[in-house]
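Below, chains carry the letters A, B, ... as their sequence lines are ordered, and counting in each starts from 1.
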Amino acid sequence: MDLLADLNPQQRIAVQHGRGPALVLAGAGSGKTRVITYRIAYLIRNAAARPENILAVTFTNKAAGEMRERVQALMGPSRTSEPRVSTFHSFCVRLLRREIHRLGYRVDFSIYDTDDQRKLMKQILKDAGKDEKVLPPREVLSRISFAKNHNIGPEQYVSQFPSPDAEDIGELFERYNTRLRQGNALDFDDILLKMVLLLDRFPDQRNYYSDWFRYILVDEYQDTNRPQYELLCLLTSKHQNLFVVGDEDQSIYKFRGADIQNILRFERDFPGATTIKLEQNYRSTGNILKLATTVVENNTERKGKVLWTENQSGDVITCRRSGSARFEAAWVCRQIRALLDEEPKYRIAILYRANFLSRNFEEVLLAEGIAYAVVGSVAFFGRMEIKDLLAYLRIIFNPEDDIALLRIINTPPRGIGASTLDMLTQKALEKGVPVLQVVEEAARDPRLGGRACKALQRFLELLAGWQARRDTATMAELLKSIVEGIEYKKMLEKHESAEEAASRMENIDEFIRAAEESEERGETVFEFLDRASLSSELDTLDPNARVSLMTLHSAKGLEFDVVFLAGMEEGLFPHSQSMNSRADLEEERRLCYVGITRARRKLFLAWTPFRRNFGPDAGSPSLPSRFLEEMPPELVEGSRSAQDYAVGDDDDDDDDDDDSFSGEEDEDRAPAWKKRGSINDTPLPQLKSIAELRVYLQKTQQAAKPGRSEQSAGAGLKSGMRVRHAQFGDGIILSRQRVGNDFKLIVTFSRVGRKTLIERYAKLEAL
DNA sequence: GATTTACGCCTTTTT
DNA sequence: GGCGTAAATC
């Protein structure tokens with residue numbers, strides 16, 4: 001296979017780049033992932049580098065996984081060694097598990113996620129006598145994180161970030177770091193910082209790893225922060241083979257510490273760097289690309305690229321003003337139905353600025369029986385039951401992990417109440433020792449009250465049993481023994497519905513299976529635990545879903561045939577809290593650019609003056625987003641002129657109530673989509689929340705028996721798939737459940753609505 | 001210790 | 001308007 005044959009001239013230059021630093025400025029849809037993967041293959045193919053000397057860094061696990069697959073596809077199977085493709089964080093954690101003893105941590109350190117951080121901060125606030133109302137833990141933590149991302153420690157905090165409460169934050173920062181240290185724990189930011197510290201402080205280490213990873217490639221470079229930048233500097237100080245790909249117009253994580261200057265200043269930071277621009281877009285229609293470019297050209301903080309495409313100009317973009325958020329959702333839903341009828345293979349996304357906007361879309365889609373997937377709902381590893389088990393494992397391996405201990409010491413309830421725990425943590429704090437140690441002392445102390453003491457002893461016995469086996473038993477065995485030992489199932493069933501408990505137990509089974517698989521692959525315990533700690537909700541994105549809902553942030557790096565940008569209103573997008581500075585506004589505009597450029601073929605824009613907002617400005621109608629005003633009117637239908645804002649001038653279909661512009665919309669009146677009746681044979685009862693709706697649908701779908709979780713073995717039918725039935729016509733599989741030896745399918749057909757079918761008899765044809 | 005009521009939040013968040 | 005956490009209560 002000739003690697004260079006599928007590349008355009010600029011891509012080829014990038015892929016063939018020799019040694020030394022290189023910056024690839026790659027516009028949206030210009031094939032930047034392709035460039036990275038081909039370059040990796042090219043380096044190996046031409047024996048410029050051995051696979052193990054190559055490190056490719058991405059920001060998400062998902063991106064890393066995809067890249068790994070694509071490289072493998074290019075290289076063919078079975079090589080002696082593989083290039084390392086991972087996220088910044090997992091790369092660092094892996095190295096730290098080998099080297100962190102040099103910094104005085106034990107190799108079995110814990111990783112604190114946001115939840116753990118918050119719990120720890122609450123304790124600290126209490127201990128420091130600060131009021132949570134004045135200094136909310138989230139706020140404090142975000143400021144600490146901001147400081148960490150700028151390489152500012154507690155000592156410099158006050159001078160670097162002067163503010164009325166800087167003294168307080170500095171003090172809390174100090175305590176926070178100390179407590180992490182005592183707990184033998186790192187937060188997400190520390191993972192990078194400690195790695196930087198290690199390479200900085202130990203030249204032999206720096207040398208060793210620079211020689212090891214002598215070719216480094218970075219994706220999404222515009223979103224790197226200070227510590228990541230420093231890490232790259234340290235790792236490439238010897239060989240200078242740093243190859244970064246990014247797009248300054250897609251830098252949207254400033255609020256998380258990403259520094260757009262990293263990409264803007266690359267040539268200054270790495271003298272002699274080659275710069276290559278990828279300006280041909282392969283993804284979108286001409287009109288979509290033109291629209292995106294026009295909008296982003298209003299920004300000043302950019303290097304400037306001129307994107308062009310050979311694709312057809314395509315449809316005009318449609319902009320829709322609706323009479324309420326509800327109508328907006330109904331309109332989007334109608335469009336989606338029509339689009340899927342026209343082309344069932346479309347992948348469609350509804351993108352919005354803030355998560356709470358998903359609600360209306362979910363309700364309408366659910367009611368209409370259109371299968372969809374939301375990105376950003378609870379991730380697998382974020383589930384309560386999984387986090388409980390992870391906490392058990394953490395305390396078994398790291399007895400200093402107070403946060404893990406406190407999470408599970410009374411889960412399930414074993415008579416160790418709040419007052420007992422308060423006393424114990426207080427004591428631990430005074431002595432400066434792990435809570436577990438105090439627990440052990442308390443359990444041995446005969447003076448302490450019988451009841452609590454007994455409970456502690458029983459807990460310690462269990463724990464000691466697992467600890468004794470932690471090095472001999474497999475992880476799966478350990479997990480099983482925990483689940484049984486604590487009678488977790490019993491606890492779940494006690495205060496949750498049967499379905500919910502069953503679903504949680506299924507998750508646990510899945511978790512144990514994942515542990516088994518991990519062990520079969522020869523991974524260490526920590527490799528498994530680290531993956532669990534570092535995986536995110538984005539990783540759960542279902543690529544088969546026809547309709548996906550997510551925030552604009554989550555959509556970066558993805559592409560869809562059809563994109564709906566919803567909530568295009570001043571105050572929401574750009575968000576009112578990002579309208580204060582020019583820089584903030586530019587970031588919002590980049591976000592808009594990201595949203596537009598996700599679309600391959602069709603783009604729809606939606607807004608409503610009457611979104612129900614809470615807060616101070618509730619009630620007053622919103623204006624259309626300034627980004628709509630920035631779009632060339634000839635490309636957008638319905639965005640501009642006064643009559644576009646007027647009532648009922650659409651020949652769309654029968655819904656003239658959609659455009660009720662002023663007060664006439666009655667909240668009690670059923671919205672159009674409900675009035676017309678659902679296409680399903682059973683109308684939905686009035687339910688309050690999405691959660692309720694989901695549970696209701698789940699129940700109706702599982703009518704007979706709550707089967708086992710979806711098994712993708714056999715026929716290869718999956719929920720979300722488009723199928724054809726001889727009698728009923730085309731439809732979408734809503735769910736697939738095992739019932740006995742069969743699979744029960746719930747399918748929504750566009751003609752006849754929802755049907756329950758047995759896979760074996762239905763003779764469905766996948767489309 | 002568990003269950004109920006009450007208050008407050010309501011931007012994005014790759015790890 | 002709804003959801004999650006935090007006092008309040010039995």
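A straight line from NZ of A/Lys494 to P of B/dG1 spans 12 Å, rounded to a whole angstrom. Taking atom CZ of A/Phe146 as the reference point, atom C1' of B/dT13 lies 15 Å away to the nearest angstrom. Taking atom CZ of residue A/Arg359 and atom C1' of nucleotide B/dC10, one finds them 13 Å apart after rounding to whole Å. One atom, CD of A/Gln577, and another, P of B/dC9, lie 12 Å apart when rounded to the nearest Å. Taking atom CZ on A/Arg414 and atom P on B/dA2, their separation rounds to 13 Å, with Å as the unit. The CD1-C1' distance, from A/Ile252 to B/dT11, rounds to 13 Å in whole Å. Distance NZ (A/Lys254) to P (B/dT11): 18 Å, rounded to an integer number of Å. We find that CG of A/Leu421 is positioned 13 Å from C1' of B/dG1, with the value rounded to whole Å.
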Check nucleotides 5-10 of chain C for protein N or O atoms closer than 3.5 Å to its own N or O atoms and list the pairs.
unit_1: C/dA6; atom_1: OP1; unit_2: A/Lys122; atom_2: NZ; d: 2.2

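The glycosidic torsion of B/dT12 lies more than 90° away from 0, which places this base in the anti conformation.
Nearer to the 5' terminus of DNA chain B, by closest-nucleotide assignment, is the contact made by A/Ser419 (compared with the other of A/Glu588 and A/Ser419). Taking the nucleotide of DNA chain B with the nearest heavy atom to each of A/Ala258 and A/Arg138, the more 5' of the two is matched to A/Arg138.
Within the 4.0 angstrom heavy-atom criterion, base atoms lie near A/Ser578. Residue A/Asp223 is in base contact, counting any heavy-atom pair closer than 4.0 Å across all strands shown. Across all strands, A/Tyr253 comes closer than 4.0 Å to base atoms (heavy-atom distances). Within the nucleic acid shown, A/Leu141 has no heavy atom closer than 4.0 Å to any nucleic acid atom. Among the protein residues, A/Gly415 comes within range of the sugar-phosphate backbone only, with heavy atoms under 4.0 Å from sugar or phosphate atoms but none that close to a base.
Ring stacking holds between A/His575 and B/dT11, with the centres under 5.5 Å apart and the planes within 30 degrees of each other. Residue-nucleotide stacking is present for A/Phe255 and B/dT12, judged by a side-chain ring centre under 5.5 Å from the six-membered base ring centre and planes under 30° apart.
Between the side chain of A/Arg353 and the base of B/dT12, at least one donor-acceptor pair of N or O atoms lies under 3.5 Å.
At B/dT13, one or more side-chain N or O atoms of A/Thr551 fall inside 4.0 Å of OP1 or OP2 (strictly under the cut-off). Between A/Ser142 and the phosphate of B/dT13, there is no side-chain N or O to OP1/OP2 separation shorter than 4.0 Å. Checking the phosphate oxygens (OP1, OP2) of B/dT13, a side-chain nitrogen or oxygen of A/Asn355 falls inside 4.0 Å.
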**Request:** List the steps, then state whether side chain to side chain donor-acceptor pair (under 3.5 Å) holds for A/Asn299 with A/Arg589.
**Result:** CA-CA 8 Å; A/Asn299 276 357; A/Arg589 193 174 282 112; 2.8 Å; yes
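Taking the six-membered ring for Trp and the full ring otherwise, A/Phe266 and A/Tyr221 have centroids separated by under 6.0 Å.
The side chain to side chain donor-acceptor pair (under 3.5 Å) search around A/Arg394 returns A/Asp116, A/Asp401, not counting sequence neighbours. With sequence neighbours excluded, no residue satisfies salt bridge (charged side-chain N to carboxylate O under 4.0 Å, His left out) with A/Lys194. Listed by chain and residue number, A/Phe91 satisfy the ring pair (Phe, Tyr, Trp, His ring centres under 6.0 Å) test with A/Phe213 (two or more places apart in sequence, or in another chain). Residues that satisfy the salt bridge (charged side-chain N to carboxylate O under 4.0 Å, His left out) test with A/Arg34, not counting sequence neighbours, are absent from this structure. By the salt bridge (charged side-chain N to carboxylate O under 4.0 Å, His left out) test, A/Lys126 is found to be paired with A/Asp422, residues two or more places apart in sequence or in another chain being considered.
Checking B/dT13, B/dT14, B/dA2 against the side-chain heavy atoms of A/Phe59 singles out B/dT14 as nearest.
Defined by atom type and a distance below 3.5 Å, a donor-acceptor pair is missing between the side-chain atoms of A/Glu587 and A/Tyr253.
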